[in-house]
Each structure stands twice: as C-alpha cells, then as structure tokens.
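Chain naming here is simple, since letters A, B, ... match the order of the sequence lines and numbering starts at 1 in each. Predicted model only: the values in this text are computed from it and were never measured.
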Amino acid sequence: MQESKEKRKLPREFYTRHDILVIARELLGKLLVVPAADGSRVSGFIVETEAYIAPEDKASHAYNFRRTQRNESSYSIGGAVYVFFIYGMYFQFNVVTNVIDVPHVVLIRALEPFEGVEIMRERRKTANDKNLTSGPGKLCIALGIDRNLNNEDLLGEKIWIEESDFKVSGKNVMSGKRIGIDYAEEFAEKPWRFWVKDNLFVSRR
DNA sequence: CGCAGGATGGGCT
DNA sequence: GCCCATCCTGCGG
C-alpha cells in the first residue's frame, strides 16, 4: 500500500523539464496532498494554474533575475516549493520547475477538494463548500500551507503532488491571461493561465 | 447579481 | 511610502 502510494508521487523529472507551459497544463488534474497534524490526508485536484517565466516575465518576482530573500526558493531545483506572503493576510503556493537558478514557477490557483474536506471546513470557516479552495489564498488556508513549507521539496513527506484518476483531456484545458498582474505591461496579456473547463472551483469564470 | 472598499503587513523602489 | 500573483462584506439595483 505504502509502495503504491509512493509510485504515484510525481518524480523529479516531471518538474525539471524546461517547458513550463507544458508542466502548467499537465498539473491540471494532479492531486496536491498535505498531511494534517493527525497524519490524515488533506488533498485536492489541481484545476487552475498560472506560469511565471522569469527572467523575461515582468509579472514575476524574479523578473530580470531579481534575487531576494523572499524569492530565493524560486531559484531552487524543479520540485521545490515557493510560498510567499501577500496582502498582509494570505499565502500563495507555487511549484518550482526547471533546473537550479532558472526561476520558473507555477502558481496553483484553485483545487477541487478531495480528502479531508471536514478539516478544510474547520480551517476556512465557510458555510459554502465552493469557497473551500477556489482561489490561491483560500487553498493555502484549507490545506494548511504557510511560510513553514517554503523551499520544501515535493519529493519529501511534508507536501507532495500525486498522479490521479482525475483525467483532463486536451479539449477540457482552457487558457487565458493571468489574474491580478495588470502592471506587467506586454506580459499582462500572455495566455499563461490554465484551467479545467467548466470546473466549479476555478477562481474566476 | 456586481462592484467598492477595507483588512493587514512585509518587500522593495 | 507605496505596492501588492487576495478575500470578504456590505450596499445598490
């Protein structure tokens, strides 16, 4: 049992590929898992992603290879976790891709809840299950993702991503401009946001 | 339903 | 000192 679970964890080679747009699309339907304090699983299927492609991308924290204490983990090897704090209240969870010192990251913007839904309800304090994980800040609250997970490895035991039976066919992958980056000039228009067509948990429809 | 405004604090120009 | 890769509430129609 343990062994078959391990086999479903995405391997390093999934993340270290160079084409981040392929990875951002392929992450749709994969299962993001964070164990709770009692060891039970809290998880959801990824249904919305965005690619941030530094050094060219003016929307990226690592634009022009800007390198600070805050964004340092985005320079780690593919498969690392980049978590940052935003708007004084929220965290955002990103998957680092490519090789060391290439700061490509995929922001996970929405999940469809799967395991540990009762724990998510307690953490989110919302009456409506549609609000549990339908946004980048919401899903971090629901899964308990905060700065403690920054620069963790998705091949470790604190947080990881698994293969799943939630299959997303090519015709169900939609793309469009990214959210909340109007300042990024010509990069604001790039169609680097991906989502599962008609999925209820996508943050904006 | 849509939209405006407030919450709230760390990072960076 | 200003700017956020956001969320929630309350108000108007």
Would you mind classifying the nucleic acid contact of A:Arg66 as base, sugar-phosphate or nothing, using non-hydrogen atoms under 4.0 angstrom? sugar-phosphate
Pairing residues for A:Lys125 by the side-chain contact (heavy atoms from CB on, under 4.5 Å) criterion, not counting sequence neighbours: none
Report, one line per pair, each donor and acceptor closer than 3.5 Å where one atom sits in a side chain of residues 110-120 of chain A; sequence neighbours left out.
unit_1, atom_1, unit_2, atom_2, d
A:Glu112, OE1, A:Asn199, ND2, 2.9
A:Glu115, OE1, A:Arg41, NE, 3.1
A:Glu115, OE1, A:Arg41, NH2, 3.2
A:Glu115, OE1, A:Ser43, OG, 2.7
A:Glu115, OE2, A:Arg41, NE, 3.0
A:Glu118, OE1, A:Arg121, NH1, 2.7

According to side-chain hydrogen bond (donor to acceptor under 3.5 Å, both in side chains), who are the partners of A:Asn64, at least two apart in sequence or on a separate chain? none
Output the residues of residues 190-198 of chain A in contact with DNA chain C, where contact means a heavy atom of the residue under 4.0 Å from an atom of the strand; sort by number or write none. none
Locate the shortest heavy-atom distance separating A:Arg178 from A:Tyr52; write the atom from each residue and the value. NH1-CD2, 3.3 Å
Tell me, please, which residues at least two apart from A:Tyr15 pass side-chain hydrogen bond (donor to acceptor under 3.5 Å, both in side chains). none
Reading DNA chain B 5' to 3', which nucleotide is the first, and which the last, to come under 4.0 Å of any heavy atom in chain A? B:dA7 to B:dT13
Assign each of A:Asn71 and A:Gly88 to its nearest nucleotide of DNA chain B by heavy atoms, then name whichever residue's nucleotide is nearer the 5' end. A:Gly88
Flag the pair A:Glu48 / A:Arg193 as yes when at least one side-chain heavy-atom distance between them is below 4.5 Å, and no otherwise. yes
A:Gln69, CD: over 12 other non-hydrogen atoms inside 6.0 angstrom: no
Can you tell me which stems DNA chain B forms when a stem means 3 or more consecutive Watson-Crick or G-U pairs under 3.5 Å? B:1-7 with C:6-12, B:9-12 with C:1-4
Using distance alone, with no hydrogens and no angle criterion, decide if A:Ser169 and A:Asn172 have a side-chain donor and acceptor under 3.5 Å apart. yes
Counterpart residues, side-chain hydrogen bond (donor to acceptor under 3.5 Å, both in side chains), relative to A:Gln92 (two or more places apart): none
Along nucleotides 5-11 of chain C, 5' to 3', which nucleotides get a B, which get an S, and which get a -, given that the test is a protein heavy-atom distance under 4.0 Å? BBSS---
Min side-chain heavy-atom separation A:Glu162-A:Leu10 under 4.5 Å: no
Sequence neighbours excluded, the answer for side-chain contact (heavy atoms from CB on, under 4.5 Å) partners of A:Asp146 is A:Phe91, A:Asn148
Taking side-chain hydrogen bond (donor to acceptor under 3.5 Å, both in side chains) as the test, write out the residues that go with A:Glu185, two or more places apart. A:Lys58
Show me the side-chain donor-acceptor pairs of residues 77-84 of chain A shorter than 3.5 Å, one per line, residues at least two apart or across chains.
unit_1, atom_1, unit_2, atom_2, d
A:Tyr82, OH, A:His61, ND1, 2.7

